[in-house]
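Each chain gets a letter, A, B and so on, in the order its sequence line appears, and its residues count up from 1.
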There are 4 protein chains.
Amino acid sequence: MRSDAPGRAPGRDPRAGAELPVQARLLAVASSLFAERGFAQTSVQDIVERAGVTKGAMYHYYSAKDDLLQEIYTRLLDLQSRRLAGIADGGGPAAERLRAAAADVVVTTLDHLDDAVVSMRSMHMLPESRQAAVRSGRRRYHERFRALVEEGQQAGELRPEVSADLVVHQFFGGVHHLGTWYRPDGELRPEEIGRTFADLLLRGLAIG
Amino acid sequence: MRSDAPGRAPGRDPRAGAELPVQARLLAVASSLFAERGFAQTSVQDIVERAGVTKGAMYHYYSAKDDLLQEIYTRLLDLQSRRLAGIADGGGPAAERLRAAAADVVVTTLDHLDDAVVSMRSMHMLPESRQAAVRSGRRRYHERFRALVEEGQQAGELRPEVSADLVVHQFFGGVHHLGTWYRPDGELRPEEIGRTFADLLLRGLAIG
Amino acid sequence: MRSDAPGRAPGRDPRAGAELPVQARLLAVASSLFAERGFAQTSVQDIVERAGVTKGAMYHYYSAKDDLLQEIYTRLLDLQSRRLAGIADGGGPAAERLRAAAADVVVTTLDHLDDAVVSMRSMHMLPESRQAAVRSGRRRYHERFRALVEEGQQAGELRPEVSADLVVHQFFGGVHHLGTWYRPDGELRPEEIGRTFADLLLRGLAIG
Amino acid sequence: MRSDAPGRAPGRDPRAGAELPVQARLLAVASSLFAERGFAQTSVQDIVERAGVTKGAMYHYYSAKDDLLQEIYTRLLDLQSRRLAGIADGGGPAAERLRAAAADVVVTTLDHLDDAVVSMRSMHMLPESRQAAVRSGRRRYHERFRALVEEGQQAGELRPEVSADLVVHQFFGGVHHLGTWYRPDGELRPEEIGRTFADLLLRGLAIG
DNA sequence: AATGAATGAGATTTCATTCAT
DNA sequence: TATGAATGAAATCTCATTCAT
């Protein structure tokens with residue numbers, strides 16, 4: 001996906017041989033391949049071939065194919081959690097913080113589209129044991145976002161009668177769906193999409 | 001998921017032995033298992049075991065495991081396409097037809113949640129050759145929905161400056177996301193969710 | 001080992017192609033190879049090659065390589081348990097039943113030397129979970145044998161001051177050791193070895 | 001096994017960090033692990049981890065994993081050969097030297113139970129090339145022991161009609177079997193077991 | 001004397017699919 | 001209409017060993 005975009009910054013092509021240290025290169029390649037063909041359809045062989053190392057090297061750094069998936073997932077979730085915290089815990093009216101957070105998660109998602117696609121599509125391929133950690137992280141993220149909506153409702157800035165939970169689910173559905181249709185070489189810029197999504201969300205919650 | 005709900009109409013338990021003819025039973029079982037564990041994690045053996053037949057029987061009705069997936073997908077898409085046509089081609093203001101269509105697709109999705117979950121999660125597991133048909137169907141559906149939005153915009157019922165494409169993508173993201181959080185034994189009824197989603201959509205597009 | 005003996009009954013060469021049904025053939029081949037090179041040194045590939053089938057066939061009948069080992073072990077233990085019961089539960093002086101049982105287990109072991117070698121050498125390669133069943137069977141066997149010694153001691157036929165447990169351990173050590181030195185084409189016949197072993201055992205326990 | 005016994009002399013815990021020089025520590029750890037889980041089930045990684053060094057260090061001292069096994073084997077066999085020579089070449093009636101040698105090998109075996117267990121269980125894991133040396137050592141040991149029996153028979157101290165070879169095989173079977181049942185924290189002391197084993201052996205060979 | 005990243009060969013196992021019956 | 005034994009290809013993972021430092 002994104003890796004096919006023209007004009008990418010140099011040194012970020014996961015197909016290349018040696019710009020990144022082996023460990024990071026493996027992760028980049030894995031993310032790109034998982035996004036492209038799916039986790040189950042990507043063999044360890046595929047990954048190491050494109051990364052230009054051997055299987056042994058991969059298992060030196062990651063103890064299982066699952067590890068790569070979890071790492072990808074965690075990396076993105078951590079990033080987004082940090083950004084959300086930074087915005088939500090800032091100052092100003094809750095509604096405006098919500099708008100900023102909504103636009104930001106869209107942009108961040110589009111900036112890490114491979115990771116995002118992998119996260120939403122392939123997380124359920126992890127064994128139950130590993131899903132637990134991942135799910136609780138995702139839940140915390142959702143909770144923080146919902147709390148922001150509720151804060152706005154309690155402050156009288158947003159319509160109180162609509163279920164914050166439902167709104168947040170609906171909104172994040174749209175975010176998760178981005179990978180299905182967004183093309184980096186299309187007309188729409190991430191910021192524009194972020195603004196529109198945030199606008200739709202806020203209008204849905206607006207009073208009057 | 002839904003198929004495990006208590007109080008279900010008799011004859012719909014895919015685990016049972018003989019209420020449905022073998023062919024339909026296989027499809028029901030497959031949908032249930034694919035939704036539960038994912039396509040790749042479900043073996044043909046799993047399917048025929050739960051359906052109470054042997055592999056030979058399955059290959060008598062379906063020429064490949066992929067067939068089951070495509071069938072599930074097509075079945076749901078056809079149903080939703082028919083319903084959308086019925087609503088969108090009806091009379092009345094475009095905005096009201098849009099509201100009805102939006103609410104309806106939510107309810108229909110929740111009523112066939114296994115199929116829906118499978119469709120969004122596992123479609124990309126089909127080989128490219130089979131994905132073409134599926135994708136074009138999905139695109140036609142999206143187009144029809146978008147046309148309805150644009151009709152409302154041209155009629156002056158909806159805000160014209162927002163990208164109909166973007167709105168529709170955002171909305172269907174929410175619909176596809178339903179499978180990740182909706183629980184049939186939770187508090188929210190499908191109709192209520194449909195109404196809320198439709199309401200959020202319409203407010204996002206409302207004038208003024 | 002035994003499978004190299006000249007004059008073996010026809011149709012028992014596990015290397016041959018089709019005298020036995022596939023399942024039994026796999027077990028025979030496995031026993032022969034495990035005895036020859038050890039469990040860990042024998043690959044599934046080795047087994048199926050010599051049995052003239054494919055790996056898939058093996059996994060159709062045995063769910064794991066471990067299964068073969070356990071089957072070999074159980075098969076021999078069951079046989080020996082039955083024979084011991086038949087002799088020990090018979091009539092006559094305990095000392096004479098002990099002599100018969102001792103001679104018999106030697107002969108039986110030599111008659112199934114591959115299985116016996118595998119059992120003593122490779123049992124500890126089973127995962128703990130599988131070893132439990134196997135161990136309890138082996139313990140029951142040991143107990144029955146020891147009870148026979150104690151019966152003779154209580155009847156005044158055998159020296160009472162020597163630990164029955166120790167004697168039985170010592171004796172079965174000798175039996176388990178047979179695989180290390182016995183050659184079917186050597187001078188000693190199984191019956192002769194059995195008689196001698198039983199004689200040594202009885203003299204060790206004799207009164208006076 | 002023994003290495004876990006409480007009250008052990010200080011500096012013999014193979015798990016500890018630095019009481020022994022690295023080379024000796026590696027051997028002690030290897031013996032303990034091989035005895036516990038078997039040679040094939042113990043990875044070089046396991047060994048160096050427990051010894052607190054890295055793989056490079058191990059390969060500095062031992063050129064292969066096999067080396068460790070052979071070293072363990074040789075160490076024990078050399079020890080027992082020396083002791084046997086000391087006893088068998090001493091003075092007094094052959095029968096009494098035999099009794100002493102028999103009791104001694106039992107005690108020595110129990111005092112080095114890890115090594116003993118490894119030796120009997122895992123020797124056949126060595127490649128053929130390395131087994132030759134080991135086997136010839138073992139054979140020499142067996143010969144010396146058998147010669148002692150024959151000496152007693154020729155001197156008229158022991159029954160001449162029983163095969164010395166067979167008796168020795170039977171006896172050493174019992175010795176090798178010790179590792180399967182002996183527990184250092186059980187009731188029986190090594191010396192007592194040695195006495196009993198020697199007694200059984202001598203009674204089996206006694207005249208009259 | 002020791003490190004630890006990397007190799008490369010091989011191991012077990014899974015599974016969709018076929019085919020004779 | 002259905003069986004189930006058998007295939008064969010591919011997948012994940014393990015591990016003893018090497019080598020530049």
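Nucleotide E:dA1: unpaired (no Watson-Crick or G-U wobble partner with both distances less than 3.5 Å). Of the nucleotides present, E:dT17 is the one that pairs with F:dA6 by Watson-Crick or G-U wobble criteria, both distances under 3.5 Å.
If you check distances only, the side chain of D:K55 does reach the base of F:dT17 with a donor-acceptor pair under 3.5 Å.
Nearest to the side chain of C:A57, among E:dT7, F:dT7, E:dA1, sits F:dT7. When distances run from any side-chain atom of A:T54 to the nucleotides F:dA2, F:dT18, E:dG8, the shortest one goes to E:dG8. Proximity note for C:S43 (side chain, C-beta onward) versus F:dA6, E:dA2, E:dT12: the nearest is E:dT12. Between F:dA2, E:dT18, E:dA6, one nucleotide has an atom nearer to the side chain of B:Y59 than all others, and that is E:dT18. The side chain of A:V53 lies closest to E:dT7 when the candidates are E:dA5, E:dT17, E:dT7.
For the pair B:Y62 and B:L27, the minimum side-chain heavy-atom distance is below 4.5 Å. Using a 4.5 Å heavy-atom cutoff, the side chains of C:I47 and C:F34 are in contact. D:E36 is not listed as a side-chain neighbour of D:V117, based on a closest heavy-atom distance of 4.5 Å or more.
Nucleotide F:dT1 holds its P atom 14 Å from the CZ atom of B:R25, rounded to whole Å. As a whole-Å value, the separation of B:M125 CE from E:dA16 P is 13 Å. Atom CD in A:Q45 sits about 13 Å away from atom P in F:dC13, given to the nearest Å. Residue A:D46 contributes atom CG, which lies 15 Å from atom C1' of F:dA9 at whole-angstrom precision. As a whole-Å value, the separation of D:Y62 OH from F:dA16 P is 16 Å. To the nearest angstrom, C1' of F:dA6 lies 12 Å from CG of C:L26. If you measure from atom NE2 of D:H60 to atom C1' of F:dT18, you get 15 Å, rounded to the nearest angstrom. Atom NZ in B:K65 sits roughly 17 Å away from atom C1' in E:dT18 (whole-Å rounding).
In terms of position along DNA chain F, the nucleotide closest to B:Y61 lies nearer the 5' end than the nucleotide closest to the other residue of the pair A:A64 and B:Y61. Nearest-nucleotide assignment on DNA chain E puts the 5′-proximal partner with A:M58, out of A:M58 and B:F39.
When every heavy atom of A:S119 is checked against every heavy atom of A:L76, the shortest pair comes out as OG-CD2, 4.0 Å.
Among the atoms of the strands shown, none is found under 4.0 Å from any heavy atom of B:S63.
For B:R37 (side chain) and B:T42 (main-chain N/O), no donor-acceptor pair under 3.5 Å exists by modelled atom type.
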